[in-house]
Each structure stands twice: as structure tokens, then as C-alpha cells.
Amino acid sequence: MNGWVLECGPGCLRCAEKYALRLRIIEKLTLVSEEVRMRMSRYLLNTLKEVPREAETLSHQLMLRSCMIKKIAAGIYTYMPIGYRVIRKIEAIIREELNRENCIELLMPAVQPAELWKESMRWDFYGKELLRFKDRKGADFCMGPTHEEIITDVVRRELKSYRQLPLNLYQIQTKFRDEIRPRYGLMRGREFIMKDAYSFDVDDKASEKSYWSMYHAYARIFHRCGLKFRAVEADSGAIGGSFTHEFHVLADTGEDTVLSCSHCEYTANIEKAECRQPDPIEHGILEKIEKKETPGKKSVEEVAEFLSVKPDKLIKTMIFSTQDGTSVAVLVRGDHEVNEVKVRNFLGLNAMELADEDLIQASTGGPSGFSGPVGLNIRILADAAVKEMENAVTGANEKDTHWVNVNPGRDFVVGEYGDFRLAEKGERCPRCDKGEYEQFKGIEVGQVFRLGEKYSKSMNCSFLDENGKDKSAVMGCYGIGVGRTAAAAIEQNNDENGIVWPVNIAPFDVMLLNLDIQDDSVNEAAQRLYDDLKSKGLEVLYDERDVRAGFKFKDADLIGLPIQVIVGKRGLKEGLAEVKVRRTGERVKESPENVPAKIEALLKNLKEQEEQRR
RNA sequence: CGGGGAGUGGCGCAGUCUGGUAGCGCACCUGCCUUGGGAGCAGGGGGUCGGAGGUUCGAAUCCUCUCUCCCCGACCA
């Protein structure tokens, strides 16, 4: 093409000095490779005007349209050059922040032998999510969905003395989980890049310290990624452990629901969110219990309407079947919902499900829709709010019949009262007296988790303490979904024209648009700008393709680099280039010499704003 | 795993009911023209119609089996 066909590179003596400078900058940025000139015509970045049918969510659509990822199979993607740059940026931030907390990076195998999983008892416990296969000798292996087994094995071989602790090891690696239903692109893939870290400490107290140091590292990481997020208290699930926080990026398309107090710091996953103890009521006259016919009225709404009472006068009775085949009744107020996670944790169960028609009939003597606690002979749990109910309505355990004027204590006995319902937005905060719950949708991008001695005990990872006594290491594990973080960032930063990358994780800083590649003076100015920007350490994608201006504008907006520099015949006539801020659409004209400084100032500004976001 | 839907060129789709030798838009290549928000005209390349079997003179189209993908639900760090 015109004038700059000659590539200069590391071998070019004329540019040797400039080159050395670039290499130094690159090292600092911890990006592995940097091309001499990021020319769009020589890059691999084919944008799509139309949205592939498979893409449901915005981030997925935009990633496909901007050529960040290509699907190879369900939940399995290639990270295309521009997508991979984003991944590397996020990884670089993670590395910096973890290293600052004295975490040490290593890399464990993706393929893991079954024997370690059998040792930790998870070979049988982990379901089909674990992709298993045999080698040529018939030995069992799996693709690692997580690395507790491997890291515990690694550390138990090395760990001898309490003097070696604390220890926190991490890796950034591709994991595989054979999800039932992968979807939403990188948001929920089967193969995905994850940072996982594991801490080892002498005791609970030290482990808690490690936990909070990771918690704070995570907060810094997501702030630096320019994301609005919340650290939420979460259910510790089947892995077991005392407490855990999930980091959720706030986005309407998130799959998780998060409740957060408007006044205090309390924030929790809806599975975990506590309900405030109900205020005691003033007791009135207890009416006489009475049977009413309620033909065909099964749901709370139907019964309430039929009997002309409010739903909160009803006691909803849910029958669950447990692992051992017994059934449990859970009572909640008619306008509340049972929180199965809370019930399951209270009962110490791994699995529990709603009873089917047969079991309901067998447990209560009546059909579903008419269950109630009166005369019920199975274990009964009740939400605290039920205790404060009077003259309530509930099923009579026979077809088309309900009791009215039912009173707890008088007409039925509850085994245990507790917090068994889902919290809702607008409710008063359980922790402070001033706030109420606000609700968010969130994308879980990270989790910090205390494992205790679960793995160190079963796999015998121990050390000698200062008294020469053998002790199990106290562990914690900490994950960040790297690809999911990228997807969440798009979910949170976009407009009708495309992606709006936060500065710190944008694939490049600047999109340089050359609008008149036939014009020598424009070429010369654009090229000089390119070199000036690069020498300032900025990452520039140079669009010098032979396409119309409109095409370049559309692509630039779609790809969403924070800053666009537009060089064209028109502006250059007045000696000016144009600088556009993608996020705000703000445009300023500057003489080319001033452009680099202007951009640096704009980027600094953007960065500060983004890192402050909450 | 239950329910629903779809597989036709790189992407988005029509054609399938009623069988007759595959088409449109975008993208790509060539030329002209145009050139600050995804231009226009002309020409061109590319598809064993997911796969296997069957029916038929003839199958993208009808039948059987199979694979893959998507959506809803249940599940899940």
C-alpha cells in the first residue's frame, strides 16, 4: 500500500532504540506479545453486522459480533486475538493483586488421576459434571473442574513445618465442567479459564486472616476492572465450610439474586439472606377452629380469594422428601416462600426435594393443595413468622377442605421454629434497624471460601507445630472466573452501538481511524500519530483498511476501545485530528502533536472514574 | 433428565406442506463509481441441503434411525 509497506521490527537497526523502549514497556504491562504495528488490515478481526442466532445475552452477542470468541462446541470457545487480549488484561490485574498479597503462582495439570479424587471421596460424590475418561491402560482420569485434590497433594509432599506457613498458591488455568446446560457464551461455558487459589494456615485464626486478605484482593481486582460489584454472603453449599462470600457483578441479566441493605453493609445471596425476626403481635381472641369446604381451591391465592381473607392469613404447608425417604413439612405464611437452602442446611441434608403426589398422600392423608399441620404426624418445621399468626387458614389434609381459625400451639405443635423463608426486597434489614432490602441481579465472578480441614484431613496434609505435634493444615479456596469477568464487564458496559470497555481491561487503549488511505498527508499524519501514541506506551489498533468511513466508525464503536482518534482529509485541512471518548461520545479537535497528551489525560480521567464505581 | 424448537455457502434466512436437480440478504473476489456513520452498479467464487439407511424414474422435500445445536425447567463453583 502507500508508503509503509516496509515493516520494521526487532531486526530494524534504524528503529532499534525505539524498539528497546517498547519492549521495556511491554514487560511492565506483563503482556506477552506485542506486534510492531497493529494494523487492522493485517489483524484477525472480522466483525459481524448480524447477530448469530445462538446468542441470547448481550455480552454473548457483542462478543460474537466483535470477533472476540468463536464457538467450537457447546460451551467451548476459541478466544480470538482481540478476546484473548481482554483475558490477558484481566489475568494481569489478578496476578498483580494476588502477588501483592504474597500469593505464589504455579500451574497444575488439567488432566487429573482418579486416585486423588477417590482419596478425597469426591470421585463418587461429584456428579456428571466431572468429565471422566480412561487412558490407554484403562486407568481413570478426569478433566479438572477444580484443583483441591491436586493442590493438597502437592502441598502435603512439601509441607513439613509450621514455619512454612502461611502459604497461598494460585494458578490461572483452563478448567472443564460438563455443565448440564452451557449457555450465554463465556458466562457459563463448560471449558473456562479460572484463577483458583488455595491457602494453607496453621489454625482457624490464621486461615481467617488469609481469607480476608483474599477478600480485599478481590475487591481491588474488580474495582480495577471497572466493575460495579458486591461481595455477598452466600450459602456454603455441599462443599461445606463455615462462611463464604461471592463477588457479584451487578447486571440485570445476572442469574443470581442479591439482597443488600440500603443502610448497612449487609449483602447476601437470596439463598442465604436472613429474615428479620417478626415483631410479636398483640394476641387477640382465639376463635374456634372450624372446617370449611374449598372445592378445587388449592393455591394460596385461590383459597384466600374464596374465603375472602388476605394471603398472609394462610399457613402454607410444603411437604419435602429427604434423602432417607422420610418426609418433612415446612410451614410458611401464605405470602412467603420457602427457602429450600435454609431448610436443607438446618436439617444437615445434601439433597431434598418437593414431595410428589404419592408421598403427599402418604404423609398427610390428603391430596396436594390441601396439606396442613393440624393432626399431621410428620416432622414439622415452621418459619418464625408463623408463630405470630392467629386465626389462620390452612389445609385440612383432605380433599376440598381447609381449616379456619387455626392457631399454632393450640391446634398443632411445631417441631422447630426458625428462619426458613426467602427474604424479599423491601423487608427491613435483619442486621440494622434503619435499612431495608434492595434487590439486585448479579453475575457471580468470584468466590472466597473457607475449606477448613476437609481436604487436609482426608488427604493427610499436615505439618509439625511449634510443639512438635502433627496438625492438619487449615485451608481456604478462592476462585475467579476470568472469561465470565470479561462477559460481565460487557454486560455492564455497553450501549446501542456496541461495547464500551473499561480502560483497564480494554483490548487496546486507542482505535486510530485513518479515513483517507489514498491521501499521502493523511497517511503520514496517522502513521506519525500511531508512533507517538505507541512511544507513550499506549496500545493502539490502527484501522487503515480500504473501507468507507462509516464502516470504520461502526466497527470502532462496536469494538468499544475507550478512545478513538480520527484522522481524515477534512480535519487535517485545518491541521486537526479528532479525539472521541467512546463512553461519553464526547469529541474534541486537537492538533496531532497534542493528541497523545490529550489522550493520556482522558484515559487517566476515565480510569479514575471507573475504578471508583460502586 | 423432562418439555419445546432448529439443522440449507462464513453469518442471517427462503425453499420442505404439494418430490423435478438449490435461491435471497450480508460477508468474500474483480472492475467501475463513490468516500466523515455499515454506499451504488456490473461481473464472479463458494453449498455431498447435519449423518446413515429406505421409498421413488427422480429426494433439501416423503419414511426410519442417528448426531448436533438452541430455548424453557430442574441442577450447579
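Lettering of chains follows the sequences in order, A, B, ..., and the numbering in each one begins at 1.
Counting to the nearest Å, the P atom of C11(B) and the CG atom of L558(A) are 18 Å from each other. Atom-to-atom, CE of M40(A) to C1' of G38(B) comes out at 12 Å; the value is rounded to the nearest Å. The nearest whole Å value for the distance from the NZ atom in K49(A) to the C1' atom in G37(B) is 12 Å. At whole-Å resolution of the value, CD1 in I72(A) and P in U68(B) are 16 Å apart. One atom, CD of Q518(A), and another, P of C33(B), lie 13 Å apart when rounded to the nearest Å. In this structure, R188(A) places its CZ atom 11 Å from P of C75(B), rounding to the nearest Å.
With hydrogens and angles left out, the side chain of D555(A) and the base of G38(B) share a donor-acceptor pair within 3.5 Å. Under 3.5 Å, the side chain of R570(A) and the base of G37(B) form no donor-acceptor pair of N or O atoms. A donor-acceptor contact under 3.5 Å is not formed by the side chain of R183(A) with the base of C71(B). The base of G36(B) lies outside donor-acceptor range of the side chain of D516(A), with no N or O pair under 3.5 Å.
A 3.5 Å limit on both hydrogen-bonding distances identifies no Watson-Crick or G-U partner for C33(B). Taking a pair to require two hydrogen-bonding distances under 3.5 Å in either a Watson-Crick or a G-U wobble arrangement, G2(B) pairs with C72(B). With a 3.5 Å ceiling on both atom-pair distances, U48(B) lacks any Watson-Crick or G-U wobble partner. Nucleotide C13(B) forms a Watson-Crick or G-U wobble pair with G23(B), both donor-acceptor distances falling under 3.5 Å.
The line from NZ of K195(A) to NZ of K175(A) is 9.5 Å long, rounded to the nearest 0.5 Å.
The separation of U64(B) from U18(B), taken at their P atoms, amounts to 15 Å, rounded to a whole angstrom.
Checking N594(A) against S591(A) by side-chain atom types alone, a donor-acceptor pair falls below 3.5 Å.
Classified by interplanar angle (parallel below 30°, tilted 30° to 60°, perpendicular above 60°), the ring pair H245(A)/Y211(A) is tilted. Between F420(A) and F346(A), the ring-plane angle classifies as perpendicular under the 30° and 60° cut-offs. Ring geometry for Y542(A) against Y530(A) counts as tilted: the plane angle lies between 30° and 60°, on a 0 to 90° scale.
Both thresholds, 5.5 Å between centres and 30° between ring planes, are met by F553(A) relative to the base of G37(B), so the two rings are stacked.
When heavy atoms are screened at a 4.0 angstrom cut-off, E129(A) is found touching the sugar-phosphate backbone but no base atom. Residue D557(A) is classed as a base contact, given a heavy-atom separation below 4.0 Å to a base.
Comparing atom distances between the K554(A) side chain and each of U35(B), G37(B), C71(B) picks out G37(B) as nearest.
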